[in-house]
Protein chains: 2
Amino acid sequence: MSVPLYQAKAELFRTLGHPVRIRVLELLQDGPKPVRDLLAMIEVEASNLSQQLAVLRRAGMVTSHRDGPLVMYALSTPDVADLLAAGRRILGSVLTDRDSLLDELRATSGDR
Amino acid sequence: MSVPLYQAKAELFRTLGHPVRIRVLELLQDGPKPVRDLLAMIEVEASNLSQQLAVLRRAGMVTSHRDGPLVMYALSTPDVADLLAAGRRILGSVLTDRDSLLDELRATSGDR
DNA sequence: TTATCACTTGAAGAAATCTTCAACTAGCGC
DNA sequence: GCGCTAGTTGAAGATTTCTTCAAGTGATAA
């Protein structure tokens with residue numbers, strides 16, 4: 001028996017659990033881009049970006065190929081966009097809940 | 001904006017990046033459950049489950065309240081289900097030619 | 001009151017992940 | 001060949017997250 005399904009799901013989500021990797025995926029939603037461009041849009045060192053791209057590649061979420069002097073990256077499936085969109089929605093629900101809780105806290109107890 | 005948006009997104013996904021937490025959320029999709037039941041369905045120690053529930057609580061993904069001798073947990077928003085569903089879909093695309101997990105995914109098609 | 005069930009908490013060592021650095025490969029122009 | 005831009009890799013130390021343990025709380029039953 002291989003890795004259980006829920007373990008694979010956890011790994012999938014963990015792959016998205018890094019700010020640079022999230023940004024890369026969001027940028028690639030508009031189409032393939034060379035590392036060069038990603039580097040210009042994300043403030044991070046080249047070697048660090050490369051490490052994060054390797055994580056995404058190993059997880060099968062992006063593909064890469066060399067095009068002359070540049071290396072191009074692309075989403076391996078448009079489903080990635082759905083996942084990011086779902087994340088955005090839930091962030092909305094969860095953050096507004098937290099904010100209202102924070103407001104309530106501020107209203108009832110003195111400070112802090 | 002104190003915490004950048006992409007950082008908040010990364011934290012959201014990282015919260016899902018653990019097998020036990022994934023299983024808890026999937027089980028709670030069917031409705032609120034006491035820790036007792038979760039414990040019976042997930043093979044993990046009580047203290048470990050409690051730690052993972054605390055992570056989900058802090059992230060605002062679940063809510064809890066005491067009901068007599070039991071502590072009940074529930075999804076804080078049904079949007080969580082959407083996220084899990086999107087995860088399932090992308091796992092299908094990404095896993096296609098990786099290993100037999102795909103078969104398992106198709107077989108249960110709902111979850112677990 | 002004592003015991004028991006149902007859970008939570010804090011702490012500590014183990015394990016995984018992140019960041020950075022130095023060194024490396026690949027293509028291109030001279 | 002040489003130098004340059006573009007990108008990758010492996011390794012090491014720092015940080016974060018996980019798991020487990022021992023001790024704790026709260027409700028209820030005897």
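Protein chains get the first letters and strands the later ones, always in sequence-line order, with residue 1 at the start of each.
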May I have the distance from [X] (atom [atom1]) to [N] (atom [atom2]), rounded to whole angstrom?
| X | N | atom1 | atom2 | result |
| --- | --- | --- | --- | --- |
| A:Ile42 | C:dT19 | CD1 | P | 12 Å |
| B:Glu43 | D:dT20 | CD | P | 12 Å |
| B:Lys33 | C:dA6 | NZ | P | 17 Å |
| A:Leu56 | D:dT8 | CG | C1' | 15 Å |
| B:His65 | D:dG26 | NE2 | P | 18 Å |

Contact under 4.0 Å: A:Arg57 side-chain N or O vs D:dT9 OP1/OP2: yes
Drop me the distance from B:Leu5's CG to A:Glu26's CD, to the nearest 0.5 angstrom. 7.0 Å
Could you tell me which non-hydrogen atom of A:Pro19 sits nearest to which non-hydrogen atom of B:Tyr6, and how far apart they are? CB-CD1, 3.8 Å
Check for me, please, whether B:Tyr73 and B:Leu70 land in the same ILVMFWY cluster - side-chain distances under 4.5 Å, paths through other members count. no
Treat each ILVMFWY residue as a node, draw an edge where side-chain heavy atoms are under 4.5 Å apart, and state whether A:Val55 and A:Val24 are in one component. no
Report all side-chain donor-acceptor pairs from residues 34-54 of chain A shorter than 3.5 Å, counting only partners two or more places apart or in another chain.
unit_1	atom_1	unit_2	atom_2	d
A:Asn48	OD1	A:Gln52	NE2	3.0
A:Gln52	OE1	A:Arg21	NH1	2.7

For [X], which residues count as a side-chain contact (heavy atoms from CB on, under 4.5 Å) partner, sequence neighbours excluded?
| X | result |
| --- | --- |
| A:Asp67 | A:His65, A:Met72 |
| B:Ala85 | B:Arg88, B:Arg89 |
| B:Ser76 | B:Thr63 |

N/O to N/O distances under 3.5 Å, protein versus nucleotides 3-7 of chain D:
unit_1	atom_1	unit_2	atom_2	d
D:dA6	OP1	A:Arg36	NE	2.5
D:dA6	OP1	A:Arg36	NH2	2.7
D:dG7	OP1	A:Val35	N	3.3
D:dG7	OP1	A:Arg36	N	3.3
D:dG7	OP1	A:Val71	N	3.3
D:dG7	OP2	A:Arg36	N	2.7

For nucleotides 11-18 of chain C, print each protein N/O atom paired with a nucleotide N/O atom at under 3.5 Å, atom names and distance only.
unit_1	atom_1	unit_2	atom_2	d
C:dA11	N6	B:Gln51	NE2	3.4
C:dT17	OP1	A:Arg14	NH1	3.3
C:dC18	OP1	A:Arg21	NH2	3.1

